[in-house]
> 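Starting off with a structure, shown below.
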Amino acid sequence: PELVTVGELAEILDIGATEIIKILMMSGTMATINQQIDYETAEIVASELGYEVKAVKMEDVVTKILEEYDEEDTGNEVKRPPVVTVMGHVDHGKTSLLDRIRKANVTAGEAGGITQHIGAYTVTINGESITFIDTPGHEAFTAMRSRGAQMTDIAILVVAADDGVMPQTVEAINHVKAAGVPIIVAINKIDKEGANPERVKQELTEHNLVVEEWGGDVIAVPVSAKKGENIDTLLEMVLLVSEMGELTADPKRAARGSVIEAQVKKGKGATASLLVQQGTLHVGDSIISGMTYGKVRTMIDDKGKRIKKAGPSTPVEISGLSDIPVAGDDFIVLENEKEARQLAEKRREMEKDARQAKMRLSLDDLFTKIQ
Ligand code: GTP
Ligand code: MG
């Protein structure tokens with residue numbers, strides 16, 4: 001895998017790129033600063049420069065697991081629900097839109113149970129499940145928008161029709177484009193006086209999002225989260241785009257996914273909202289995420305109900321972790337808790353060493369990048 005450029009490696013090792021180019025030249029490789037080099041070459045360069053490359057062995061465990069996942073079709077792949085992230089500028093109505101979708105979806109018996117447990121929910125529309133993730137629009141939450149774009153299959157970009165394209169709209173567009181994810185635009189608040197959906201479409205073209213009626217390929221649906229107008233059309237579009245993606249996962253595998261958010265909760269200790277992306281997560285599974293490890297002690301679904309297992313595209317909240325993991329990090333299931341703990345401890349040690357060595361990025365970062 002070619003995953004680090006000469007320039008990036010220079011930054012990680014805190015050394016001039018020309019030094020690295022020289023070493024590569026001595027071993028017969030002509031390289032430029034933007035050239036991508038593979039894991040082994042990076043390792044050789046690092047050891048030439050006197051770095052002890054001790055990350056290799058312990059990370060092998062993780063690498064192996066990830067490689068297994070990347071192998072083609074296990075024969076057990078089945079359709080999975082799309083993961084849809086709702087993004088947009090502050091106050092443009094992302095949470096209102098999700099609330100509206102959920103309210104239309106719950107049966108009478110469930111109604112009391114609707115509380116925002118984990119910022120992510122699965123709803124069923126015409127027998128098809130969709131998992132939604134909410135994100136904040138405030139400018140301080142750039143990282144959340146970036147992560148949201150990365151863990152999603154489809155992005156709904158909410159733009160208020162009375163306000164138009166704003167800075168965090170543009171930022172969200174850029175994250176989504178970088179992640180290569182399809183965008184559906186929800187032009188919201190069309191019930192409001194001063195709403196101007198046509199102006200929104202015009203502004204979107206300035207960011208290379210041309211709506212279908214103007215000859216482009218971007219689906220835009222004018223909606224009102226407040227009045228419930230056109231929400232069904234929006235959901236139909238989500239299902240349509242999702243069908244085209246042919247999303248599958250193997251529920252029989254060990255789970256792998258991402259951390260949506262994490263916090264310490266009274267009486268529960270460290271808890272994390274996880275999105276299971278592949279496989280099935282079970283109570284009792286040993287997981288690692290960054291430098292955090294643990295055995296899943298309890299697991300609750302998006303309605304606050306205790307569950308024992310969670311399949312692909314399911315958001316859950318778990319307890320049983322040593323510490324709170326970092327939102328946006330991956331998690332994987334390991335063989336047992338001991339393995340998870342040892343790996344987490346090694347990562348922690350390396351972090352410390354790296355800090356002491358005053359490296360700008362730790363070697364762990366290097367190897368995460370390389371995976
Ligand atoms: P952040 O999470 O802070 O970025 O905001 P948000 O995008 O989640 O917006 P939120 O759903 O909190 O809505 C912001 C305000 O807009 C609230 O006062 C809503 O009642 C109002 N609002 C949302 N959707 C509509 C709509 O369709 N029409 C009208 N008139 N008001 C709306
Ligand atoms: Mg909100």
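Start at 1 and go down the list; that is how both ligands and their atoms are numbered.
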> Are Glu128 and Lys79 close enough for a salt bridge, meaning some N to O gap below 4.0 Å?
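Yes, Glu128 and Lys79 are salt-bridged.
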> Which option wins on minimum heavy-atom distance to atom 4 (O) of ligand 1: Glu229, Arg100, Lys94?
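Nearest option to atom 4 (O) of ligand 1, by heavy atoms: Lys94.
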> Is Ala225 in polar range of ligand 1, meaning some N or O pair under 3.5 Å apart?
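In this structure, Ala225 places an N or O atom under 3.5 Å from an N or O of ligand 1.
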> Decide whether Ser289 and Asp329 meet the rule of one side-chain donor and one side-chain acceptor closer than 3.5 Å.
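Looking only at side-chain atoms, Asp329 and Ser289 do not form any donor-acceptor pair under 3.5 Å.
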> Check for a donor-acceptor pair, side chain of Ser313 on one end and backbone N or O of Val83 on the other, with a separation under 3.5 Å.
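Absent.
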> Check whether more than 12 heavy atoms from other residues, nucleotides or ligands sit under 6.0 Å from atom CE of Met244, and answer yes or no.
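Yes - once you tally the heavy atoms of other residues, nucleotides and ligands closer than 6.0 Å, there are more than 12.
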> Please state whether the rings of His138 and Phe141 are parallel, tilted or perpendicular, taking 30° and 60° as the class boundaries.
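Perpendicular.
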> What is the nearest protein non-hydrogen atom to atom 9 (O) of ligand 1, stated with its residue, atom name and distance?
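The closest one turns out to be Gly93 N, 3.1 Å.
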> Has the side chain of Asn188 got a donor or acceptor atom that lies under 3.5 Å from a matching backbone atom of Val158?
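No; judged by distance alone, with no hydrogens or angles, the pair does not exist.
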> What protein heavy atom sits nearest atom 5 (O) of ligand 1, and how far off is it?
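Of the protein heavy atoms, Asp91 N, 3.1 Å lies nearest.
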> Specify whether an N/O/S atom of Thr95 falls short of 2.8 Å from the Mg ion (ligand 2).
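Of the N, O and S atoms in Thr95, at least one lies under 2.8 Å from the Mg ion (ligand 2), which means yes.
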> Which residue owns the protein heavy atom closest to atom 24 (N) of ligand 1, what's the atom, and how far is it?
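That would be Asn188 ND2, 3.1 Å.
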> Measuring only between side-chain heavy atoms, which start at C-beta, is Val211 closer than 4.5 Å to Val185?
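The answer is no, as the side chains (C-beta and beyond) never meet within the 4.5 Å cut-off.
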> Please answer: with hydrophobic residues joined when any side-chain heavy atoms are less than 4.5 Å apart, are Ile231 and Ile190 in the same cluster?
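Each belongs to a different hydrophobic cluster.
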> When only distance counts, is Gly137 in polar contact with ligand 1, meaning an N/O pair under 3.5 Å?
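N/O-N/O distance below 3.5 Å exists for this pair.
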> Counting non-hydrogen protein atoms only, what is the nearest one to atom 11 (O) of ligand 1? Give residue, atom name and distance.
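Among all protein heavy atoms, the one nearest atom 11 (O) of ligand 1 is Ser96 OG, 2.5 Å.
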> Consider every N or O of Thr95 and every N or O of ligand 1, then say whether any pair is closer than 3.5 Å.
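Yes, there is a polar N/O contact under 3.5 Å.
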> Hey, is atom 28 (N) of ligand 1 under 4.0 Å from any protein heavy atom?
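Under the 4.0 Å cut-off, atom 28 (N) of ligand 1 does have protein heavy-atom neighbours.
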> Between Arg102 and Asp302, does at least one N-O distance fall below 4.0 Å, as a salt bridge requires?
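Salt bridge: no.
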> Is there a protein heavy atom less than 4.0 Å away from atom 17 (C) of ligand 1?
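No, no protein heavy atom sits under 4.0 Å from atom 17 (C) of ligand 1.
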> Is a salt bridge present between Arg348 and Glu345, judged by a nitrogen-to-oxygen distance below 4.0 Å?
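No, this pair does not count.
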> Got the closest protein heavy atom to atom 3 (O) of ligand 1, with its distance?
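Residue, atom and distance for the closest contact: Val90 CG2, 3.5 Å.
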> For ligand 1, note which part of His92 has a heavy atom under 4.0 Å away: side chain, backbone, both or neither.
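It is the backbone that gets close, since no side chain atom is under 4.0 Å.
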> Hey, mind stepping through Glu261 and Arg147 against salt bridge (Lys or Arg N to Asp or Glu O under 4.0 Å) and telling me if it holds?
CA-CA 11 Å; Glu261 55 190 48; Arg147 290 196 296 268; over 6 Å; no
> Which of the numbered atoms in ligand 1 are under 4.0 angstrom from any heavy atom belonging to Ser224?
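Close to Ser224: 27 (O).
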> What is the closest protein heavy atom to atom 30 (N) of ligand 1, and at what distance does it sit?
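Protein heavy atom with the smallest distance to atom 30 (N) of ligand 1: Asp191 OD2, 2.9 Å.
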> Would you mind checking which non-hydrogen protein atom is closest to atom 21 (C) of ligand 1, with the distance to 0.1 Å?
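For this ligand atom, the closest protein heavy atom is Lys189 NZ, 3.9 Å.
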> Using a strict cut-off of 4.0 Å, indicate which atoms of ligand 1 neighbour a heavy atom of Lys192.
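Going through ligand 1 atom by atom, the ones under 4.0 Å from Lys192 are 30 (N).
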